[in-house]
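Atoms within a ligand are numbered from 1 in the order they appear, just like the ligands themselves. Each residue takes its place number in the sequence, starting with 1.
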Amino acid sequence: MQQRLLTLLSEQFQPSRRLGEQLGIERDQARYLVQRLIHEGYPIEVSKALGVRVEPGTPLPQVLEPLLRGSFGRPYRYLGHTTSTQDVLRQWAEDGAPEGAVVLAERQSAGRGRMGRPWISTPGSSLTFSLLLRPRSPIALLPLAVGVALREAVGLGGLKWPNDLLAPDGRKLAGILVEARVGTSSPGLVILGIGLNVRPPVPPGAAALSEFGPVNRAELLARLLEELENQYENLSKPERILEDWKKYSVTLGQEVTVKTPRGELRGRALDLAEDGALVVESQGATERIAAGDVSLIGRLGG
Ligand code: BTN
């Protein structure tokens, strides 16, 4: 019943009485269900005079679907709260979800970031979602390709290796988590997690996209899914991905410290290797970093 109510909501206020009529229940029952949806994390506004609506730009399935231009985002699950969209999508993938499936949640109780860090977001304030890929070709450049897609969709900021999107002043706008099971006998499976700060509140030191202009979350999500699909297709043109990533880089040419699984290194980020590794000159030697966490020295937000 709650899910049916969600399908009836829109950006226009509707009286609870009318929502109740459509569901075949009393007005008070409809009001109770609305409160339950709010409690679950859905960004719903209630006005005594006007009724009930979702916040403008809420990525409800009935709002997102007409905006989609490709196959990413189909099918789509929109949740109020969950543990982590990564886990929900992994389970769905095991149950047979197709490539392009997306799970988006307004709130996560166990959202996770790169290097084992937590990822915190507030309902209505971010785009917090996971996308399922079932790649048939090598995915070494996928993290960079996703960074390019994010930058193209958002239209501002720069990329910190491998794929953090930083605002022009260096604060973090978005992060990407690539969790892969690379196929041996079965095809590969990638759960791509994206957390994009759209509106305040954001964690200390982070930036929100709305600081740079108005944002409609549903439209932005549709644009991002389209860019992700374009870049995913570009995996067959690696030189194109490397070139685009370099165009948006705020990493190359900078003094950096890199935390890697093998320890910490300080030097100058010189280039990208063909496989997307970061080439760093450190103490006269050239190192290739395949995985790690970069801090840009002398930049806010590192
Ligand atoms: C980073 O550390 O920068 C990556 C953050 C990725 C967070 C996203 S939010 C949606 C998805 N679900 C998660 O638990 N994590 C990713």
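At least one heavy atom of Lys172 sits closer than 4.0 Å to an atom of ligand 1.
Glu40 and Gln2 share a donor-acceptor pair across their side chains, judged by distance under 3.5 Å alone. At a cut-off of 3.5 Å, with distance as the only test, no side-chain donor of Thr257 or Glu264 sits close to an acceptor on the other residue.
Those atoms of ligand 1 that come under 4.0 Å of a heavy atom in Gly111, given as number and element, are 14 (O). Atoms of ligand 1 found under 4.0 Å from any heavy atom of Gln86, numbered from 1 in the order shown, are 11 (C), 12 (N), 13 (C), 14 (O), 15 (N). The contact set between ligand 1 and Gly113, taken as ligand atoms under 4.0 Å from a residue heavy atom, comprises 1 (C), 2 (O), 4 (C), 5 (C). Applying the 4.0 Å criterion to heavy atoms of Ser84 picks out, from ligand 1, the atoms 12 (N), 13 (C), 14 (O). Those atoms of ligand 1 that come under 4.0 Å of a heavy atom in Ser130, given as number and element, are 11 (C).
Using a 4.5 Å cut-off between side-chain heavy atoms of Ile, Leu, Val, Met, Phe, Trp and Tyr, with links allowed through other members, Leu8 and Val63 fall into the same hydrophobic cluster.
Closest protein heavy atom to atom 2 (O) of ligand 1: Arg114 N, 2.6 Å. For atom 11 (C) of ligand 1, the nearest protein heavy atom (residue, atom name, distance) is Thr85 OG1, 3.3 Å. For atom 5 (C) of ligand 1, the closest heavy atom belonging to the protein is Trp119 CE3, 3.4 Å.
When non-hydrogen atoms are compared, ligand 1 lies under 4.0 Å from neither the backbone nor the side chain of Ser121. In Asp87, neither the side chain nor the backbone holds a heavy atom less than 4.0 Å from any atom of ligand 1. Looking at Gln108 against ligand 1, only its side chain comes within 4.0 Å, counting heavy atoms.
Within 6.0 Å of CZ in Arg53 there are more than 12 heavy atoms belonging to other residues, nucleotides or ligands. At most 12 heavy atoms of other shown residues, nucleotides or ligands fall within 6.0 angstrom of atom OH in Tyr32.
At a 3.5 angstrom cut-off on N or O pairs, Arg112 counts as close to ligand 1.
The backbone N or O of Ser84 lies less than 3.5 Å from no partner atom in the side chain of Arg112, so there is not a single donor-acceptor pair.
Through direct or indirect side-chain contacts shorter than 4.5 Å among Ile, Leu, Val, Met, Phe, Trp and Tyr, Val202 is connected to no other residue.
Between Tyr78 and Tyr42, the angle of the ring planes goes over 60°, which puts this pair in the perpendicular group of the 30/60° scheme.
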